[in-house]
> 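Below you will find the structure I want to go over with you.
The model shown is predicted, which means the values in this text are computed figures rather than measured ones. In what follows, chains are A, B, ... by sequence order, proteins preceding strands, each numbered from 1.
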Number of protein chains: 2
Amino acid sequence: MSVDRTQVLRTAAALLSRKATATMDEVARAAGIGRATLHRHFAGRDALVRALEQMCIEEAEAALDTARIEEGPADEAVRRLVAASEPAAPLLAFLVTENQLFEGEGQNEGWARLDARLVALFRRGQEEGTFRIDLSPAWLCEAFYGLIGSGAWAVADGRVAANDFSYMIAELLLGGARRSVEK
Amino acid sequence: MSVDRTQVLRTAAALLSRKATATMDEVARAAGIGRATLHRHFAGRDALVRALEQMCIEEAEAALDTARIEEGPADEAVRRLVAASEPAAPLLAFLVTENQLFEGEGQNEGWARLDARLVALFRRGQEEGTFRIDLSPAWLCEAFYGLIGSGAWAVADGRVAANDFSYMIAELLLGGARRSVEK
DNA sequence: TTGAAATGAGACACAGATGTATCACCCAGT
DNA sequence: ACTGGGTGATACATCTGTGTCTCATTTCAA
């Protein structure tokens with residue numbers, strides 16, 4: 001039976017997001033295949049991480065597309081985006097912390113594209129008057145990644161119910177913890 | 001000249017928060033000492049991480065104390081806490097992602113104390129009517145850690161000015177991105 | 001100046017992960 | 001039944017990081 005590459009990557013992401021130092025053998029076992037087979041599909045650990053990176057970028061861009069972040073009020077767009085990003089959350093949680101490994105050398109230009117689209121979304125919200133202007137788009141972008149990661153981690157650890165993932169992240173990112181008369 | 005243990009730990013935290021897989025040799029070089037000397041002070045990588053953990057817990061508890069989180073309105077307490085946590089931020093950023101390595105085995109009970117105090121703060125805010133009740137204290141606690149980590153990482157990478165660290169985190173955590181009539 | 005303590009550099013063996021090759025097996029298509 | 005591609009298991013060499021040791025040098029105090 002031929003190996004399902006996507007399934008292997010997905011399993012690897014789930015494992016590595018919890019244990020970043022997992023061995024190639026552990027990854028293989030988790031995916032239900034042999035280490036040799038894993039090696040036939042991904043030349044090495046580096047290639048595996050690169051493949052995960054590529055998959056993550058594709059899923060994140062797909063989330064940006066399906067959320068149609070250019071349409072409607074910015075806060076609604078963010079809400080849609082968080083919901084659409086949920087499937088890619090474990091992947092993001094892993095790569096956001098792992099990316100620093102590739103210091104210096106060529107970062108995948110996909111991250112720059114993602115950042116640009118996210119920053120543009122927050123900037124649009126500011127220009128529309130929906131978002132406050134004293135928090136820079138770059139920081140809101142970072143906070144978005146961070147909260148997605150925290151949410152994925154909290155859900156994986158059972159500290160937050162999976163059903164609440166989208167709501168908790170979007171509400172905190174948009175409205176914050178303070179009680180507001182707008183609510 | 002005798003090695004400044006605290007300084008070594010601080011340098012190690014800064015390096016490891018950016019590159020979690022850094023070698024003992026890299027840690028030593030970053031601290032400006034030899035690998036052998038590093039080994040004389042910390043029996044091994046594990047002991048180093050444990051020491052970082054201990055130092056982080058102590059600094060975080062000190063931050064909780066100096067911020068006097070039991071006093072005054074909860075939102076003001078959070079603001080003080082974020083400001084007081086800034087020195088420990090790189091440390092926290094590293095350990096929050098590293099902690100998952102210690103799955104199963106004895107977690108340092110200090111984390112439970114920290115979590116309990118943080119959760120109590122958010123719960124108090126909810127009971128006072130300062131914080132919204134639809135976001136669980138556990139999630140707010142997670143988000144606090146996540147945003148501290150994101151902030152530390154963004155500052156280390158130059159994407160956010162160090163001066164803005166405290167303000168950006170506290171404002172986002174408390175007020176969110178959405179423009180509010182309360183501001 | 002002298003001497004003890006600490007450090008840096010290097011050597012060494014060891015453990016673990018990695019990358020590669022080989023072989024037997026299973027299963028699908030012929 | 002046959003055959004070939006893909007797989008799992010295993011073995012092996014290699015590499016990297018680790019932990020320990022030694023020794024020359026430096027530093028600080030007496």
> Rounded to whole angstrom units, what separation is found between the NZ atom of B:Lys19 and the C1' atom of D:dG17?
12 Å

> With a 4.5 Å cut-off on side-chain heavy atoms, are B:Phe42 and B:Arg5 touching?
yes

> Tell me whether B:Arg123 at atom CZ has more than 12 heavy atoms from other residues, nucleotides or ligands lying less than 6.0 Å away.
no

> When all nucleic acid strands are considered with a 4.0 Å heavy-atom cut-off, which category describes B:Arg40: base, sugar-phosphate, or nothing?
base

> C:dT7 P sits how many Å from B:Phe42 CZ, rounded?
11 Å

> Quick one: label A:Arg35 by what it contacts on the DNA or RNA (base, sugar-phosphate, nothing), any heavy atom closer than 4.0 Å.
base

> Counting heavy atoms from C-beta on, name the nucleotide in D:dT10, C:dG8, D:dG17 closest to the side chain of B:Ile33.
C:dG8

> May I have the distance from A:Asp25 (atom CG) to D:dA9 (atom P), rounded to whole angstrom?
10 Å

> Would a distance-only check, ignoring hydrogens and angles, find a side-chain to backbone donor-acceptor pair under 3.5 Å from A:Glu58 to A:Met55?
no

> I want to check one thing: is the phosphate of D:dT18, taken as OP1 and OP2, less than 4.0 Å away from some side-chain N or O of B:Arg45?
yes

> Could you state the atom-to-atom distance from CG of B:Leu38 to P of C:dT7 in whole Å?
11 Å

> Please state how far atom CZ in B:Arg29 lies from atom P in D:dG17, giving the value in whole angstrom units.
13 Å

> Which nucleotide sits closest to the side chain of A:His39: C:dA9, C:dG19, D:dT18?
C:dG19

> Is the shortest heavy-atom distance from the side chain of B:Ile57 to the side chain of B:Arg113 under 4.5 Å?
yes

> If each of A:Glu26 and A:Ala36 is mapped to the nucleotide of DNA chain C with the nearest heavy atom, which maps nearer the 5' terminus, i.e. the 5' end?
A:Glu26

> Starting from P on D:dT18, measure out to CE on B:Met24 and report it in whole angstrom.
6 Å

